[in-house]
Amino acid sequence: MHEYTPLLIVGGVIGFITLLICIAYLAMRAKLNSVDEKERKMTDSEIIRRLLGYAKPYTREFIVIFVIVVISIAYDVLSPLLIADIQNIIKADFELSQLFRMVALYASILVVSLICTYFETMILQKVGQKIISQIRMDTFTNIERLSHAQLSEIPVGKLVTRVTNDPNAISYLFTNILVTLVKNTMVIIGVLVAMLALNYALTLMVLCFVPFLVLFTLIFQKFSRYVHRVVNNTRTDVNTFLSENLSGMKITQDFNQEERKMDEFLTKSHAFAKAKINRMYVFGVFRPMVYMLYVTSNLFLFYIGCKGYIQDTQFLGQVIDSSIMVAFYMYISKFFNPIQALAEQFDMLEQSFASAEKIFTIMDMQPDIVDAADAIDLPEIRGEIEFRDVWFAYKPGEWVLKGVSFHILPKQTVAFVGATGSGKSTILSLICRNYDIQKGEILIDGVPIRRIKLACLRSHFGQMLQDVFLFSGDIRSNLVLREESFTDEDVMRSCRYVNADSFINKLDGGLDEVVRERGNNFSAGQRQLLSFARTILHRPSVMILDEATANIDTETEVLIQNSLEKMKNIGTMLVVAHRLSTIQHSDNILVLAHGEILEQGTHQELLRKRGRYYSLYTLQFDREQLQNT
């Protein structure tokens with residue numbers, strides 16, 4: 001019995017290390033479980049079911065991959081046996097041709113395995129990318145359906161992460177993890193069967209290490225799940241910060257806040273780096289533990305097979321010769337490596353599930369603004385708009401509009417005037433049904449707005465806002481918005497109509513002039529003229545101008561005023577403006593304060609009333625006179 005004392009000592013050391021790891025896990029268990037309870041809201045089975053829904057159209061490809069995997073694992077299972085046979089041939093008298101045949105067989109199995117691996121990888125990558133493209137498309141499509149209120153609640157950086165980074169983690173699931181899990185499981189089973197058939201005694205010795213390996217793996221799973229979630233959350237924080245602050249970099253520079261923003265970025269960056277380092281610590285402990293078991297099992301094999309003998313040794317009644325030693329040495333490697341890979345694959349599987357859950361959370365968000373069951377398409381809209389006792393609040397109880405009622409006839413130009421927060425822009429948003437009202441009714445051409453399909457309703461509106469948004473591309477693409485029915489003549493006609501051709505013709509590229517991000521290579525006035533041209537090109541029935549002339553120079557304002565006079569003939573025009581001089585010719589002016597209409601009428605009628613409008617106009621007139629002097 002004393003012959004096995006070294007083995008018992010080594011086993012005691014492994015048991016002590018295992019005890020330390022268990023104590024560390026018990027000390028951290030509450031923290032690890034709290035993260036799971038906080039982060040996970042969907043079960044693994046639900047996530048798997050939904051992911052398999054994306055994989056279902058490619059069932060045939062996955063069956064082909066499974067067949068390839070079955071063929072490819074033949075190398076892992078048979079190669080040690082062939083090496084053992086070669087060892088036996090070398091020990092005995094042999095002919096060189098016999099050795100060549102064995103080597104050729106080994107090489108053939110290796111080549112077949114390599115070919116199978118190539119086709120497996122290519123098919124998986126193609127299928128995986130198609131699946132991920134569909135997931136990205138579905139995610140982006142649902143984001144497009146969300147209401148303004150919902151989009152305001154979600155940071156842009158988080159949405160970017162959901163559409164870009166998170167699908168990449170799922171891509172790894174389809175292109176690597178699932179097949180590797182199946183392959184490694186089959187390799188472990190095949191290797192175990194081959195080991196039992198070759199020598200059950202040595203197999204039992206190897207299996208003595210499995211409980212330790214399983215325990216290490218389960219504990220590792222808990223720690224790795226925790227650190228992966230921290231890494232994902234800190235990465236999202238960094239992306240959100242960058243998305244916001246890169247867009248607002250000019251403001252940061254204007255107010256000399258670079259140092260403060262850098263400190264904020266460093267804080268988030270350091271948190272991200274710390275999370276990734278902690279993840280490396282977890283892997284840095286797990287991998288050596290598995291490698292320790294692997295090396296120890298080999299040492300046990302060498303000790304049992306070679307203790308005091310050069311020739312055949314007996315262990316538990318089984319004869320161990322050199323060929324069995326060679327085969328088991330290879331099998332131990334092929335047994336432990338897949339188990340370690342499985343543990344790490346389960347960790348990546350958890351990461352993929354976490355990413356999938358975040359994506360499905362976005363996909364499951366139901367838009368606040370949806371078509372009613374009886375919603376209809378209107379072939380045309382004349383532009384008649386009526387508010388009947390409309391009440392609206394962004395937050396419950398904080399009324400922005402209080403019983404607002406007015407009636408706009410087709411082709412009228414109506415202006416909304418009032419202090420900031422009086423409800424002017426809110427009225428325009430409600431007409432486009434960016435939000436739903438709490439009480440009252442809004443009618444378009446006598447039809448309640450909720451009975452008109454959203455796509456139909458918004459297709460008849462053209463919005464020209466103070467902050468004009470231009471997409472990266474060229475001028476033409478920003479005007480036609482990818483509609484292929486418009487010719488260049490149509491585009492230039494709309495540009496001439498609003499005087500935008502005055503600067504487009506001076507550009508080297510004309511309509512093909514490059515538009516950089518958000519149109520920052522054009523002035524505010526030029527962007528506004530392009531906005532007008534875009535609206536005219538799509539010929540809306542109702543045009544909305546929300547402070548469209550607020551940030552432009554006097555010369556451009558003259559061009560825009562001329563454009564506005566022409567645009568009045570196209571359809572109903574709703575205008576919000578602080579410069580009362582720009583709305584003097586409106587058919588009706590509504591003066592708002594604290595969500596209520598104080599007075600309404602034409603410019604001259606309101607001046608004669610000497611009310612709120614008269615006070616605002618007199619104040620602005622005196623200010624302009626003072627500036628001119």
Side-chain angles (χ1 to χ4, degrees), residues 39-42 46-47 49-51 53-55 57 128-174 232-248 351-372 375 394 428-430 432-436 450 452-459 461 463 465 467-473 477-478 480-483 515 517-519 534 538:
E39 295 285 341
R40 291 299 296 271
K41 297 179 178 64
M42 297 176 64
E46 182 180 358
I47 294 173
R49 176 183 59 79
R50 297 184 65 167
L51 288 175
Y54 283 98
Q129 291 307 314
K130 291 178 181 177
I131 291 174
I132 296 311
S133 295
Q134 187 60 50
I135 290 176
R136 279 201 179 100
M137 183 65 68
D138 290 348
T139 306
F140 185 73
T141 300
N142 200 61
I143 291 174
E144 285 186 316
R145 296 171 58 236
L146 299 180
S147 68
H148 286 210
Q150 290 171 300
L151 292 173
S152 298
E153 294 173 356
I154 308 173
V156 174
K158 181 175 288 188
L159 293 177
V160 171
T161 301
R162 297 297 168 265
V163 180
T164 56
N165 291 4
D166 287 328
N168 289 336
I170 301 177
S171 172
Y172 199 69
L173 170 68
F174 286 108
N232 286 342
N233 291 338
T234 52
R235 179 191 291 116
T236 299
D237 289 342
V238 171
N239 286 345
T240 301
F241 180 88
L242 286 174
S243 177
E244 178 181 351
N245 285 275
L246 289 178
S247 299
Q351 186 177 0
S352 298
F353 281 2
S355 295
E357 182 179 20
K358 292 177 180 179
I359 290 175
F360 291 145
T361 299
I362 296 295
M363 288 188 184
D364 292 341
M365 290 184 67
Q366 295 300 316
D368 293 338
I369 311 298
V370 296
D371 289 330
Y394 293 103
L428 302 185
S429 291
L430 294 178
C432 297
R433 208 185 164 203
N434 295 331
Y435 301 89
D436 271 339
R450 286 193 173 111
I452 305 173
K453 290 185 178 180
L454 275 172
C456 170
L457 176 71
R458 293 172 179 171
S459 67
F461 284 84
Q463 298 192 53
L465 309 178
D467 184 17
V468 178
F469 191 95
L470 297 180
F471 296 93
S472 300
S477 64
N478 271 279
V480 303
L481 295 178
R482 310 305 179 191
E483 289 282 347
V515 177
E517 184 180 5
R518 300 183 68 89
R534 178 166 59 194
H538 289 81

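- Taking 4.5 Å as the limit, some side-chain heavy atom of Q150 sits within range of a side-chain heavy atom of S147.
- Distance check, rounded to the nearest 0.5 Å: OH of Y435 to CG of L430 gives 9.0 Å.
- Atom OH of Y394 is surrounded by more than 12 heavy atoms from other residues, nucleotides or ligands within 6.0 Å.
- Between the side chain of T139 and the backbone N or O of I135 there is at least one donor-acceptor pair closer than 3.5 Å.
- Atom CZ of F140 and atom CD1 of I362 lie 13.0 Å apart (nearest 0.5 Å).
- Here N434 contributes atom CG and L454 contributes atom CG; the two are 9.0 Å apart, rounded to the nearest 0.5 Å.
- Here the straight-line distance linking atom CG of L146 with atom CG of L151 works out to 5.0 Å at 0.5 Å rounding.
- With sequence neighbours excluded, the residues forming a salt bridge (Lys or Arg N to Asp or Glu O under 4.0 Å) with R162 are D166, listed by chain and number.
- The side-chain contact (heavy atoms from CB on, under 4.5 Å) test with L159 singles out one residue from T240, T164, I154, and that residue is I154.
- The only option from Q366, M365, M137 that meets the side-chain contact (heavy atoms from CB on, under 4.5 Å) definition with N142 turns out to be M365.
- Put simply, the side chain of R145 never gets that close to the backbone of P367: no donor and acceptor are under 3.5 Å apart.
- In this structure, R458 contributes its side chain and C432 its backbone to a donor-acceptor pair below 3.5 Å.
- In this model, a donor atom of one side chain and an acceptor atom of the other lie less than 3.5 Å apart for D138 and Y54.
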- Task: Give the intermediate values and the outcome of side-chain contact (heavy atoms from CB on, under 4.5 Å) for residues F461 and L457.
- Result: CA-CA 7 Å; F461 284 84; L457 176 71; 3.4 Å; yes
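- Annotation for A55 and F174: closest pair CB-CE2, 3.7 Å, computed over non-hydrogen atoms.
- When only modelled atom types and interatomic distance are considered, T141 and E144 share no side-chain donor-acceptor pair under 3.5 Å.
- At a threshold of 4.5 Å between non-hydrogen side-chain atoms, the residues D368 and H148 do not count as touching.
- R433 CZ to I369 CD1: the interatomic distance, rounded to the nearest 0.5 Å, is 5.5 Å.
- Using a 4.5 Å heavy-atom cutoff, the side chains of H538 and L481 are in contact.
- Looking only at side-chain heavy atoms (C-beta outward), L51 and F353 come within less than 4.5 Å of each other.
- The backbone N or O of S352 lies less than 3.5 Å from no partner atom in the side chain of S355, so there is not a single donor-acceptor pair.
- Atom CD of E244 sits in a sparse spot, with 12 or fewer heavy atoms from other residues, nucleotides or ligands closer than 6.0 Å.
- Between M363 atom CE and R50 atom CZ the span is 7.0 Å, to the nearest 0.5 Å.
- In this structure, the side chain of N165 does not engage the main chain of T161 through any donor-acceptor pair within 3.5 Å.
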- Query: N239 and D237: side-chain contact (heavy atoms from CB on, under 4.5 Å), yes or no, with the steps?
  - Reply: CA-CA 6 Å; N239 286 345; D237 289 342; over 6 Å; no
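- Looking only at side-chain heavy atoms (C-beta outward), T234 and T236 stay at 4.5 Å or farther from each other.
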